[in-house]
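Values below: all heavy atoms of this structure, side chains included; hydrogens, waters and symmetry mates excluded.
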Amino acid sequence: MATLDSATSVVRSAIAEVLSVPSDQVKPSATIADHQIDSLEWVEIAVIIEEKLGIQLEPSDFAGARTVADMAGILHAALAAR
């Protein structure tokens with residue numbers, strides 16, 4: 001089972017890849033608004049996570065996320081549920 005830290009790492013990496021920034025610039029405490037992630041980028045992030053972890057995700061799965069850490073928590077819960 002994945003840890004919360006590993007889920008955070010995957011989310012940070014996916015966001016960094018989509019935004020073309022170093023992953024250390026994607027802070028867990030940063031809000032989604034801080035990164036100005038649009039709907040197309042949400043889809044890209046979900047696809048990257050799916051490819052890395054082999055888990056089916058929809059961008060709407062992250063609808064309640066306000067921060068990168070929230071996204072990681074949602075991913076962690078999805079991984080624990082499989």
Side-chain angles (χ1 to χ4, degrees):
M1 181 183 309
T3 65
L4 182 56
D5 285 343
S6 64
T8 301
S9 179
V10 169
V11 169
R12 288 177 68 197
S13 174
I15 292 171
E17 185 175 333
V18 168
L19 299 180
S20 299
V21 299
S23 62
D24 64 352
Q25 289 185 7
V26 181
K27 304 293 183 200
S29 61
T31 66
I32 304 308
D34 290 339
H35 292 296
Q36 300 176 348
I37 297 170
D38 65 28
S39 59
L40 180 58
E41 290 166 334
W42 275 114
V43 173
E44 292 177 47
I45 291 165
V47 168
I48 290 168
I49 293 171
E50 286 177 11
E51 290 173 353
K52 289 183 179 187
L53 300 178
I55 185 171
Q56 183 70 31
L57 294 171
E58 297 296 327
S60 61
D61 293 340
F62 294 115
R66 296 186 63 213
T67 65
V68 173
D70 291 344
M71 290 177 67
I74 291 166
L75 175 60
H76 182 253
L79 290 169
R82 17 182 248 182

Can you confirm whether [X] sits close enough to [Y] that some side-chain heavy atom of one is under 4.5 Å from a side-chain heavy atom of the other?
X	Y	value
I32	T67	no
F62	I49	yes
L57	I45	no
V68	K27	no

Identify whether [X] and [Y] are in the same connected component of the hydrophobic contact network (ILVMFWY, side-chain heavy atoms under 4.5 Å).
X	Y	value
L4	V26	no
L19	V43	no
V21	I15	yes

- Short question: side chain of E41, backbone of D38 - any donor-acceptor pair under 3.5 Å?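 Flag set: sc E41 to bb D38 pair under 3.5 Å.
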Any donor-acceptor N or O pair under 3.5 Å, side chains [X], [Y]:
X	Y	value
K52	S13	yes
S6	T3	yes
T31	D34	yes

Please report the shortest heavy-atom distance between [X] and [Y], naming the atom on each side.
X	Y	result
P22	A16	C-CB, 4.0 Å
Q56	E50	NE2-OE2, 3.6 Å
D24	R12	CA-NH2, 3.4 Å

- I would like to know whether L53 and L75 meet side-chain contact (heavy atoms from CB on, under 4.5 Å); could you show each step before the answer? CA-CA 10 Å; L53 300 178; L75 175 60; 3.9 Å; yes
- Task: Go through D61 and W42 one step at a time and tell me if the side-chain contact (heavy atoms from CB on, under 4.5 Å) criterion holds.
- Result: CA-CA 10 Å; D61 293 340; W42 275 114; over 6 Å; no
- Query: Considering residues, nucleotides and ligands other than R66, do more than 12 of their heavy atoms fall under 6.0 Å from its CZ?
  - Reply: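 No, because the 6.0 Å sphere around CZ of R66 holds 12 heavy atoms or fewer from other groups.
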